[in-house]
Amino acid sequence: METVALTIDGKSVTVEKGKTVLQAAIESGIKVPYYCYHPGLGIDGSCRVCLVKIEKMPKLQVSCSVVAAEGMVVQTETPEVVQARAGVFEFLLINHPLDCPVCDKGGECPLQDFSYAFGPKGSRMEFARRVFDGEGVRADVDFGPTLMLNRNRCILCTRCVRFMRDVDGDAQIGIADRGYGSEIATFKEEGVHSLLSGNLMDVCPVGAITTREYRFKSRPWDNPTAVDTICTLCEKGCNTTVWLKAKPEWAKGAQLARITPRYNPEVNGYWMCDIGRFRLAWIESEARLSQPLVREGNDAQTATTWDHALDTLKRLVGAHGSEHLRFLLSAHASHEEMFALSRLARQLLGDRAQQSCTVSWAASVKSQPEHTTFSVPPIDAPNVAGARLLGLTSVPVGEAEPDLSALRAAVEAGEVRVLYVLDPGPSGSLGDTAWIVDARQSGRIASLVLQGVLESPLAAAADVVLPGACFVEKEACYTNGQGRLQATARAIPPPGQALDDCSIIVRVAAALGRPLDYRSAADIRADIAATRSDEPGLQGIADMAFAQPVATHHWLEASNPMERWKWDVMFQDLPPVKFEEMLKK
Amino acid sequence: MSFHPQMPYGEGWHRSQRRVPPDGPPFAFTPENLARLEDICSHYPPEQRKSAIIAALYLVQEQQGYITGNAMQHVAGVIGCAPAQVEDVVSYYVMFFTRPVGTYVVQVCRTLSCALRGAERVTEALCRHLHVSPGETTPDGMFTVVEFECLGACDRAPVIMVNNEHWHECQDPDKVTELVDALRSDGVAALSGCHLVKER
């Protein structure tokens with residue numbers, strides 16, 4: 001790597017050749033404010049707040065668009081710079097409303113924080129602010145199915161324009177009436193229709209773009225805890241942060257406030273898709289299974305205890321013989337669950353265990369622009385690659401649809417008496433299940449056992465329902481489509497009597513008289529590491545690190561929590577998130 | 001309170017200037033125009049086809065007289081960019097009209113040199129003579145008066161341009177009303193061009 005050495009504020013800094021002065025300052029922890037620059041979006045130079053003095057250059061320079069050169073001497077704190085910067089902040093606030101107390105971004109807004117840090121004490125502007133409200137015009141306008149745009153707050157940094165152009169690949173946002181009438185607009189006001197639209201809220205440095213899903217729902221200081229985890233709604237496995245709202249247990253509403261992307265250059269960069277971001281209502285919904293259910297004869301299901309449910313399961317399997325037992329796993333099951341279940345199958349069925357387990361998942365082709373740089377894969381499950389590693393599915397890489405033909409043929413032939421379904425994913429994660437419901441109702445399957453998280457037609461048809469935990473409620477490992485081993489974290493507890501899926505499998509094994517010697521999920525991971533030590537894709541599973549909930553106040557003190565890449569390098573005195581170390585793991 | 005007496009606040013100035021382009025009639029380039037556009041596009045590298053947006057919009061105006069939402073969408077399709085990017089261009093440049101214009105579009109330069117030499121008075125005289133305000137078209141559909149940005153003939157200010165072709169320099173309120181009357185009676189023949197006018 002070719003480097004250049006320069007001096008910023010008397011500190012010698014060495015950066016990769018080709019980086020800008022601003023990037024050099026950020027990397028060395030020197031605080032230079034900026035809005036239009038975003039490491040994922042490239043350089044624009046429109047906000048002018050990153051002004052610095054560079055020796056031998058006659059005027060102040062915008063550091064985001066000056067490439068660092070050997071021997072440069074940069075000053076960021078001279079009176080000239082401080083004054084010029086304050087002037088820019090004064091201009092940025094000419095028209096920006098000071099409605100921070102009611103703004104969704106308030107508390108995590110770079111404009112707010114940087115204005116306090118670098119702006120003038122007050123404004124000299126005496127005239128009224130520009131407002132878009134009134135005369136049949138509203139400042140708050142619909143900005144597509146997921147977003148709202150408040151045009152009063154926009155400071156025209158064009159981050160959203162560049163995001164749509166460069167990352168999404170379809171430049172749906174433009175600037176209309178350039179000049180003194182400049183405003184962010186979409187063609188015919190039809191709004192942003194994109195699978196990546198939620199990222200526009202992240203890149204917006206002010207409260208101009210907000211998501212309908214999170215708008216007015218919670219404020220930054222209401223979310224005192226956050227957990228780093230991964231998204232499991234497709235095989236991309238985006239790294240995310242789950243934000244938890246502080247609320248007493250009896251209070252209405254969800255604890256899960258929002259999910260935001262977390263920077264990982266090798267998986268998702270700075271972004272995540274709208275499916276992962278907005279599909280979280282099911283996690284704490286009324287439709288969650290919170291206690292074991294059992295059906296006696298043809299009666300309706302009744303809620304019961306774990307002991308009774310496991311007794312019933314044992315009786316059903318005993319009545320039909322374990323040789324007629326089949327397992328259907330959703331690819332939402334983690335490595336631990338898949339491995340434990342396949343070991344249980346081997347203990348029950350011996351050599352035929354391999355054929356008794358089938359893995360299913362849902363797949364849907366996402367419609368995205370041709371030139372998008374963030375494509376969402378068609379497989380809507382996190383662990384298809386993991387199932388392949390564990391030998392549970394033989395569907396080749398690149399094939400999106402699961403292969404259920406063997407199981408379906410066996411069900412049609414009446415060879416399956418008891419079907420055990422494991423599905424810790426959201427509704428539809430097994431793909432089409434109507435045929436299973438149909439087979440159970442027509443008696444081709446005598447007994448159906450569901451270990452799952454959501455009420456569904458399949459759960460309604462089941463004889464025994466065991467409530468499990470979804471991906472934010474357990475520590476589990478998954479292998480994404482790239483073959484990368486990643487882990488979720490336990491952000492909230494499972495609802496009611498629901499249990500971690502691994503411990504359910506261990507209890508089921510004990511009830512069936514074939515106990516597994518696991519006391520925790522860590523034991524299972526150790527067993528995977530021991531038995532599959534030859535598999536490079538599973539290396540390191542035994543010492544996987546699981547993130548714990550952390551307090552977010554230091555992020556709020558710093559700046560926009562969406563931009564953790566910033567304070568991880570800029571605010572070194574705060575508990576840092578060390579991506580390099582995480583990546584090494 | 002305002003920073004300029006000509007810029008009142010509260011009354012429209014600080015409102016959104018945005019006007020969503022109406023769809024208008026269906027639009028598609030004629031085969032000849034499409035061929036011309038492809039010829040223009042061939043001057044640019046294939047990955048820079050967007051460079052031809054302005055040329056394409058001129059062709060739309062030539063064909064239809066003004067630019068509608070449908071036309072923007074068609075241009076975006078032909079050029080291979082997003083309609084928002086086309087609208088971005090249309091809403092910026094004064095020479096692109098989003099409503100129907102008259103047979104003769106009289107464009108009066110209002111940039112510095114012309115403004116100093118009395119372009120405002122030229123516009124006023126023109127508007128008074130035709131009973132329209134700047135940007136409007138006469139009811140008979142003959143004339144549209146538009147205030148324009150620099151036409152590039154500053155040494156002979158004030159300048160007007162008719163239909164993107166005919167420059168008329170060294171204008172004053174009397175000359176411009178005469179010119180308009182001549183246009184009304186003689187048609188394009190009245191547009192003698194600037195180079196015949198002797199400097200004062």
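Given the structure is predicted, the values throughout are model-derived calculations rather than measurements. Order of the sequence lines fixes the chain letters, A, B, ..., with proteins taken first and strands second; residue numbering starts at 1 for each chain.
Minimum interatomic distance between A:Ala171 and B:Ala84 (heavy atoms only, all atoms of both residues): O-CB, 3.6 Å. Minimum heavy-atom separation, B:Asp88 to A:Ile175: OD1-O, 2.7 Å.
Atom CZ of A:Arg215 has more than 12 neighbouring heavy atoms from other residues, nucleotides or ligands inside a 6.0 Å radius. Few gaps surround CZ on B:Phe27; more than 12 heavy atoms of other groups in view lie less than 6.0 Å from it. For B:Glu149, the CD atom counts as densely surrounded, since its 6.0 Å shell holds more than 12 non-hydrogen atoms of other residues, nucleotides or ligands. By the neighbour-count criterion of 12 heavy atoms within 6.0 Å, atom CZ of B:Arg99 is sparsely surrounded, having that number or fewer from other residues, nucleotides or ligands. Taking a 6.0 Å sphere around CZ of A:Phe118, one finds it holds more than 12 heavy atoms contributed by other residues, nucleotides or ligands. Counting non-hydrogen atoms of other residues, nucleotides and ligands closer than 6.0 Å to CD of B:Glu120 gives a total of 12 or fewer.
With hydrogens and angles ignored, the 3.5 Å screen pairs a side-chain donor or acceptor of B:Ser91 with a backbone N or O of A:Asp177.
Using a 4.5 Å cut-off between heavy atoms, A:Ile173 contacts chain B through its backbone alone, with no side-chain atom that close. Contacts of A:Gln172 with chain B are made by backbone atoms alone, with heavy-atom separations under 4.5 Å and no side-chain atom involved.
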Steps toward side chain to side chain contact (heavy atoms under 4.5 Å, CB included) verdict (A:Lys188, B:Glu87) = CA-CA 9 Å; A:Lys188 291 200 263 180; B:Glu87 197 200 342; over 6 Å; no
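Here the straight-line distance linking atom SG of B:Cys81 with atom CZ of A:Arg165 works out to 12.0 Å at 0.5 Å rounding.
Looking at heavy atoms from C-beta onward, B:Gln73 lies in side-chain contact with A:Phe187 at the 4.5 angstrom threshold.
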